[in-house]
2 protein chains.
Amino acid sequence: MDGSGKQRPTMADVAERAGVSRALVSIVFRDQPGASPQTRDRVLRVADEIGYRPDSAARLLARGRSRTLGVMFTVHQPFHADLVEGIYPEAERLGYDVLLSATAQGRGEAKAIEALLGHRCEAVILLGPGAQPKDIDALGHRTVTVSVGRRVPHARVDSVHTAEGKGVRQAMEHLVELGHRRIVHIDGGRGPGSAERRRAYRAAMRRHGLEPELRVIPGDHTEQSGMETGRLLLDERDHGRPLPTAVLAGNDRCAMGLLMTLTQAGVGVPRDLSVVGYDDSHLSHLMPIGLTTVRQDAVLMAEYAVRFAVERLEGTAPEPREAVLDPKLTVRGTSGPPPEGVGGGNR
Amino acid sequence: MDGSGKQRPTMADVAERAGVSRALVSIVFRDQPGASPQTRDRVLRVADEIGYRPDSAARLLARGRSRTLGVMFTVHQPFHADLVEGIYPEAERLGYDVLLSATAQGRGEAKAIEALLGHRCEAVILLGPGAQPKDIDALGHRTVTVSVGRRVPHARVDSVHTAEGKGVRQAMEHLVELGHRRIVHIDGGRGPGSAERRRAYRAAMRRHGLEPELRVIPGDHTEQSGMETGRLLLDERDHGRPLPTAVLAGNDRCAMGLLMTLTQAGVGVPRDLSVVGYDDSHLSHLMPIGLTTVRQDAVLMAEYAVRFAVERLEGTAPEPREAVLDPKLTVRGTSGPPPEGVGGGNR
DNA sequence: GCGCGCTACTAGCGCGCTCTAGGCGAGTAC
DNA sequence: GTACTCGCCTAGAGCGCGCTAGTAGCGCGC
């Protein structure tokens with residue numbers, strides 16, 4: 001009296017029970033004109049009684065379109081979580097369904113995308129894709145594709161990202177104005193936006209005549225990376241090399257890792273050292289004194305991504321576009337003037 | 001020359017181009033006997049050439065079963081990320097597809113579940129469901145359901161969770177053995193497992209004759225909650241009430257928030273205060289000295305969840321079951337003896 | 001010659017739905 | 001009266017696939 005024996009009710013069941021044709025039930029469920037209010041009511045009531053729910057597979061098959069957007073993301077990226085949260089409501093508003101596919105250990109981007117395509121997503125939104133530009137371009141030729149957080153210069157894809165240079169510049173101005181000179185940058189490796197951030201960091205250092213202090217420490221967009229850098233810096237300090245007075249991290253996760261290591265080692269933030277992150281993911285609010293970070297508006301980015309996809313699909317905008325959002329430095333508690341006397345590099 | 005005009009190739013296209021029948025293509029793609037190696041090769045080659053990929057909607061419709069497991073999770077829960085990572089490989093191993101549906105701001109559990117059912121998931125795996133037991137029971141009557149991280153006593157659902165009591169007991173033994181007496185617990189509110197953890201904390205305090213020190217601070221499973229508790233404790237200290245010497249947090253996120261607040265305020269961990277978390281999510285490894293926490297094996301839990309669902313679906317285990325995994329205290333750096341002289345409550 | 005079993009393949013129905021092309025009756029215009 | 005519209009409803013094709021039943025061809029034994 002349960003489980004596998006229980007057949008899922010179909011439209012035909014509803015139709016029969018309500019004494020109408022299948023087509024009429026279809027009309028009612030698609031909220032289309034062509035059914036009297038009474039019939040509509042009766043159909044809905046009967047459907048509810050027998051627990052009918054439209055089968056999206058069949059529906060999808062029947063009408064040519066799936067009205068589904070596929071989203072590839074990484075489970076462990078808080079900023080992706082923020083983006084996903086923004087994607088749902090915008091997609092719903094435009095009448096699209098959302099399918100998530102995560103990359104994870106042992107499940108690469110290719111696999112995640114494959115799954116989305118198999119489910120007939122009309123468009124694919126890639127959050128911080130790490131794939132080669134040529135692969136992304138290939139995907140873009142096969143289906144409407146949006147890359148979020150990463151520019152893919154000559155590929156046939158829409159892209160939504162922030163003006164990395166601008167964000168880094170703001171952060172650097174902020175630090176320099178506070179009096180910092182010994183500012184290091186933790187690199188984001190192949191992570192989205194890293195190259196631009198690195199470039200902008202270098203340029204800013206040069207512009208302020210700080211070229212001798214310029215230092216890029218290799219890393220990536222994980223807490224792990226921030227912690228390793230922290231340990232590295234502490235280790236160097238113990239061997240006589242002074243700590244930098246400020247660190248521009250590759251992203252918030254990296255900044256978090258760094259902070260944990262440093263504060264646990266008794267380094268005062270921002271007393272002894274300032275830290276600036278990048279993303280303004282949920283993480284940054286969570287710190288007691290707040291992480292100074294470059295805000296990327298996740299909700300806005302999500303909205304652009306969804307709209308780009310939908311407009312391409314519906315032919316409103318046949319050509320791929322690029323949205324470059326203005327980042328905004330959000331000064332919170334992890335940045336302040338460099339320690340007295342140190343000045344930040346005047347040896 | 002792009003986009004909507006480009007029709008997705010179907011089996012018929014492959015068949016025609018390879019000079020065989022549709023059925024044969026179907027056979028090849030389902031990896032079934034009944035096609036010669038040469039034909040098989042040719043079909044696959046042709047399919048690859050024209051970029052054919054089986055349409056899962058149609059496939060799902062045609063064979064009665066979808067072989068799809070739906071997973072409801074919360075984007076911002078790191079432990080859910082760990083679970084999702086474990087679910088994918090196990091599902092794949094058993095030949096099932098995975099569909100994710102996130103709860104988020106403005107997208108409650110009901111909506112997330114609705115989406116899964118609409119996509120014909122045969123079973124639903126709920127990660128840390130917050131819904132009312134009766135609603136979960138109702139769902140369990142409609143479809144195979146597995147609750148992960150939360151017991152749902154009289155409901156028709158499988159469940160996978162850890163022996164909360166045991167975990168808390170271990171943590172408490174550990175703290176008491178170190179010499180702690182003033183141990184407070186931050187509650188997890190309606191979060192999964194909270195009630196059991198709270199109960200176990202109370203019992204442990206009583207068993208060790210620490211009833212006078214017993215204190216449960218309301219909270220939930222977020223960093224926010226940990227931070228608020230931290231501020232509360234610091235505030236109390238400033239008004240003369242001594243800090244507890246140890247805190248048993250509701251989960252790792254909460255412990256993280258607490259840690260951030262305390263260490264930033266100059267409280268040494270574990271010098272002045274010990275902190276124990278719960279989950280052993282990725283977070284706990286990320287701290288420089290490591291979070292002492294009660295390990296819930298995410299991978300194992302994920303495997304149980306998937307297997308329970310599949311075995312119910314395939315009739316191997318018609319009745320819902322419960323897996324209670326043994327948690328294991330993982331001692332890392334945030335726990336140590338209480339500060340000298342304080343002893344931990346001997347006023 | 002015949003039947004037999006086996007491999008390699010095909011015809012065609014049906015999954016649950018959407019959607020086009022209508023049907024039917026009542027009202028309105030001439 | 002005929003002609004037409006309009007609201008409500010139905011018949012039935014077909015979406016891309018899986019699958020059952022069946023066919024063609026071939027070697028084999030007698």
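In this text, all values refer to a predicted model and were calculated from it rather than measured experimentally. Residue numbers begin at 1 in each chain, while the letters A, B, ... track the order of the sequences. All values below were derived from every heavy atom in this structure, side-chain atoms included, with hydrogens, water molecules and symmetry-related copies excluded.
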**OP:** Just call it for B:Pro33: base, sugar-phosphate, or nothing, with non-hydrogen atoms closer than 4.0 Å on any strand.
**Re:** nothing

Original post:
For the pair made of CZ in B:Arg40 and P in C:dC9, what is the distance, rounded to whole Å?
Top reply: 9 Å

Original post:
Does any nucleotide pair with D:dC30 by Watson-Crick or G-U wobble geometry, both distances under 3.5 Å, and what is it?
Top reply: C:dG1

Original post:
A:Asp31 has an atom CG; how far is it from atom P of C:dT18, in whole Å?
Top reply: 12 Å

Original post:
When the distance from CE of A:Met11 to C1' of D:dA11 is rounded to whole Å, what number comes out?
Top reply: 15 Å

Original post:
Contact class for A:Arg120 vs. all strands (heavy atom < 4.0 Å): base, sugar-phosphate, or nothing?
Top reply: sugar-phosphate

**OP:** Consider the side chain of B:Ala35, meaning its heavy atoms from C-beta on, and name the nucleotide among C:dC9, C:dT18, D:dC9 that approaches it most closely.
**Re:** C:dC9

Original post:
With the threshold set at 4.0 Å, does a side-chain nitrogen-carboxylate oxygen contact exist between A:Glu122 and A:Arg67?
Top reply: no

Original post:
Between A:Ile50 (CD1) and C:dG16 (C1'), how many Å, whole number?
Top reply: 13 Å

Subject >> Strand partner of C:dA8, provided both Watson-Crick or wobble distances fall under 3.5 Å >> reply: D:dT23

Original post:
D:dC17 phosphate, OP1 or OP2: any side-chain N/O from B:Ser26 under 4.0 angstrom?
Top reply: no

**OP:** Map B:Thr39 and B:Arg63 onto DNA chain C by nearest heavy atom, then report which one ends up closer to the 5' terminus.
**Re:** B:Thr39

Original post:
Of all the nucleotides listed (C:dT10, D:dT10, D:dC17), which has the minimum atom distance to the side chain of B:Arg59?
Top reply: D:dC17

Original post:
Is A:Glu85 salt-bridged to B:Arg107, going by a charged N under 4.0 Å from an acidic O?
Top reply: no

Subject >> N/O (side chain, A:Ser36) to phosphate O (OP1/OP2, D:dC8) under 4.0 Å >> reply: no

**OP:** Whole angstrom is fine here: how far is it from CG in A:Leu24 over to P in C:dC24?
**Re:** 17 Å

Original post:
Expressed in angstrom and rounded to an integer, what is the separation of A:Phe29 atom CZ from C:dC19 atom P?
Top reply: 15 Å

Original post:
Has A:Arg30 got a side-chain N or O lying under 4.0 Å from the OP1 or OP2 atom of C:dC19?
Top reply: yes

**OP:** May I ask you to decide whether B:Arg156 forms a salt bridge with B:Glu319, counting only side-chain N to carboxylate O separations under 4.0 Å?
**Re:** yes

Subject >> First encountered from the 5' end of DNA chain C, between B:Pro37 and A:Arg22 >> reply: B:Pro37

Subject >> D:dG16 OP1/OP2 closer than 4.0 Å to side-chain N/O of B:Thr10 >> reply: no

**OP:** Let me know the distance between CG of B:Leu60 and C1' of D:dG16, rounded to the nearest Å.
**Re:** 12 Å

Original post:
Do you know which two heavy atoms are closest between A:Thr74 and A:His80, and how far apart they sit?
Top reply: N-ND1, 3.0 Å

Original post:
How close or far is atom P of D:dC8 from atom CD of A:Gln32, stated in whole angstroms?
Top reply: 14 Å

Subject >> OH on A:Tyr52 to OG1 on A:Thr10, rounded to 0.5 Å >> reply: 7.0 Å

Original post:
Quick one: do B:Glu16 and B:Arg22 make a salt bridge, cutoff under 4.0 Å?
Top reply: no

Original post:
5'-most contact on DNA chain D: B:Ala23 or B:Leu61, nearest heavy atom basis?
Top reply: B:Leu61

